[in-house]
Amino acid sequence: MARRKEHSHDEIRAMAIQAATELLIDQGAIGLSLRKVASQIGYVPSTLINIFGSYNYLLLAVSELTLRTLHDRLTGVRAADSLGKIIAMAWEYSQFAHEQRQAFKLVFELQLLDSEPLPESQGQLIAGLFTLIECELAQLFPEVTQAQHLSMSRVLWGGIHGLTSLSLYNKLFAESLSLQDLLESHVQAYLQGMGYQKELSCC
């Protein structure tokens with residue numbers, strides 16, 4: 001068993017996050033535990049509690065890494081216009097979810113205790129993801145207020161997340177339809193319903 005002085009606080013933190021991520025990929029959340037993570041890096045569980053504050057906060061650190069990776073993926077999406085970019089981001093989101101299935105599920109399934117407030121950094125990451133959508137909505141609906149952009153982004157992405165999650169659990173029950181086509185249909189229908197190129201839907 002390694003001794004505390006062999007690694008710095010930040011080194012142990014990084015090692016634990018890496019170990020937890022690897023265990024999550026290999027065994028899923030059910031096979032993950034504080035003891036397993038500690039054993040993987042050669043420390044006792046109490047050391048990790050001292051560093052992270054709780055097991056949930058260790059898992060939250062893994063989720064934060066997942067969100068940062070997702071943000072980088074969505075930021076890298078390119079398209080000719082804002083409509084195309086939103087559709088492309090929706091598809092990139094679903095691809096990421098399928099590629100990083102266990103980590104993606106952890107982000108949405110992790111339940112913090114009432115005594116464990118969500119760290120500000122986590123909230124900023126989530127807000128940053130929605131900002132990517134809000135910026136594109138601002139291009140499509142320049143006359144709409146910022147508060148309305150915020151509301152629209154949540155409704156729009158709620159549907160994207162719902163389709164993605166159903167696909168992850170094989171609950172779409174539509175084998176003849178591709179997830180990519182369903183996502184594109186959802187984005188176009190919602191935006192037209194909000195008034196974007198509404199005349200095209202009447203043709």
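Just the heavy atoms: all of them, side chains too, but no hydrogens, waters or symmetry mates, feed the values below.
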message: Do F173 and L166 sit in one hydrophobic cluster, given that two such residues count as connected whenever their side-chain heavy atoms are within less than 4.5 Å of each other, even indirectly?
response: no

field: Separation between CG of L129 and OH of Y93, rounded to the nearest 0.5 Å
entry: 8.0 Å

Closest non-hydrogen atom pair between L140 and L83, with its separation: CD2-N, 4.0 Å

query: Is the backbone of A127 close enough, under 3.5 Å, to the side chain of T131 for a donor and an acceptor to pair up by distance?
result: yes

query: Is any side-chain heavy atom of Y196 closer than 4.5 Å to a side-chain heavy atom of Y190?
result: no

field: I30, CD1: over 12 other non-hydrogen atoms inside 6.0 angstrom
entry: no

message: Any side-chain to backbone donor/acceptor pair from E11 onto S8? Under 3.5 Å, distance only.
response: yes

message: Check for me whether the distance between the ring centres of H161 and F104 falls short of 6.0 Å.
response: yes

statement: Heavy-atom closest pair (M89 atom, L132 atom, distance to 0.1 Å) is CE-O, 4.0 Å

message: Restricting to non-hydrogen atoms, name the atom on P117 and the atom on S115 that form the minimum distance, rounded to 0.1 Å.
response: CD-O, 3.3 Å

- request: Could you tell me whether the side chain of L137 reaches within less than 4.5 Å of the side chain of L191, counting heavy atoms only?
  value: yes

message: When you measure from the side chain of R101 to the backbone of L168, do you find a donor-acceptor pair of N or O atoms at a distance under 3.5 Å?
response: yes

message: How about CZ on R35, more than 12 heavy atoms from neighbouring residues, nucleotides or ligands closer than 6.0 Å, or not?
response: no

message: When you measure from the side chain of S167 to the backbone of L163, do you find a donor-acceptor pair of N or O atoms at a distance under 3.5 Å?
response: no

message: Grouping I, L, V, M, F, W and Y whenever their side-chain heavy atoms are under 4.5 Å apart, do L74 and F108 come out in a common cluster?
response: yes

message: Is the shortest side-chain heavy-atom distance between Y55 and L32 below 4.5 Å?
response: yes

task: Applying side chain to side chain donor-acceptor pair (under 3.5 Å), run through Q148 and T145 and close with a yes or a no.
output: CA-CA 5 Å; Q148 288 173 305; T145 67; 3.2 Å; yes

message: Closer than 4.0 angstrom, basic N to acidic O: yes or no for E22 and K36?
response: no

- line: Of all heavy-atom pairs linking F52 and Y57, the shortest is O-CB, 3.3 Å

Within-4.5 Å side-chain heavy-atom neighbours: W91 and E184: no

query: How about L112 and L118: do any of their side-chain heavy atoms sit closer than 4.5 Å?
result: yes

task: Report yes if the side chains of T21 and T66 come closer than 4.5 Å at any heavy-atom pair, otherwise no.
output: no

task: Could you go through the side chain to side chain donor-acceptor pair (under 3.5 Å) check for E120 and Q124 one step at a time?
output: CA-CA 6 Å; E120 184 177 348; Q124 290 174 342; 3.1 Å; yes

task: Please answer: with hydrophobic residues joined when any side-chain heavy atoms are less than 4.5 Å apart, are L59 and I25 in the same cluster?
output: no

- prompt: Any donor and acceptor pair, going by atom type alone, linking the side chain of S165 with main-chain N or O of G162 inside 3.5 Å?
  reply: no

query: How long is the gap from CG on L125 to CG on L65, to the nearest 0.5 Å?
result: 10.0 Å

query: Shared ILVMFWY cluster between F96 and Y169, side chains joined below 4.5 angstrom?
result: yes

Spacing of I87 atom CD1 and D81 atom CG [to the nearest 0.5 Å]: 8.0 Å

message: What verdict does the side chain to side chain contact (heavy atoms under 4.5 Å, CB included) test give for R154 and E134, after you've listed the backbone C-alpha separation in whole Å, the side-chain angles of each residue and the deciding distance to 0.1 Å?
response: CA-CA 9 Å; R154 270 52 176 185; E134 291 162 26; 2.6 Å; yes

message: If you apply the rule side chain to side chain contact (heavy atoms under 4.5 Å, CB included), what do you find for R73 with E99, and how did you get there?
response: CA-CA 12 Å; R73 289 273 294 265; E99 292 168 8; 3.0 Å; yes

message: Measuring from atom NE2 of H9 to atom OG1 of T47, what distance do you get when rounded to the nearest 0.5 angstrom?
response: 10.5 Å

- prompt: What are the two closest heavy atoms between L183 and S94, and how far apart are they?
  reply: CD1-OG, 3.5 Å

message: Would L58 and I51 count as a side chain to side chain contact (heavy atoms under 4.5 Å, CB included) here? Give the steps.
response: CA-CA 9 Å; L58 165 58; I51 290 175; over 6 Å; no

statement: Separation between CZ (R68) and OG (S63), nearest 0.5 Å, reads 12.5 Å

message: Side chains of Q188 and Q192: any donor to acceptor distance under 3.5 Å?
response: no

field: pair L150-F130: side-chain heavy atoms closer than 4.5 Å
entry: no

query: Within the side chain of H186, is there an N or O that forms a donor-acceptor pair under 3.5 Å with the backbone of L156?
result: yes

message: I'd like to check V107 versus V62 (side-chain heavy atoms, cut-off strictly below 4.5 Å). Are they in contact?
response: no

query: Do D181 and S178 get their side chains close enough for a donor-acceptor pair, meaning under 3.5 Å?
result: yes

- request: Check the side chains of S82 and Q139 for a donor-acceptor pair under 3.5 angstrom, ignoring hydrogens and angles.
  value: no

task: Evaluate side chain to side chain donor-acceptor pair (under 3.5 Å) for E116 paired with S54, printing each intermediate quantity in order.
output: CA-CA 9 Å; E116 298 173 325; S54 73; 2.8 Å; yes

field: Test: E92 and K85 ion pair at under 4.0 Å
entry: no

field: CG on L179 to NE2 on H98, rounded to 0.5 Å
entry: 5.5 Å

task: Please name the pair of heavy atoms, one in G84 and one in A79, separated by the smallest distance, quoted to 0.1 Å.
output: C-CB, 3.5 Å

field: Backbone of F141 reached by a side-chain donor or acceptor of H149 within 3.5 Å
entry: yes

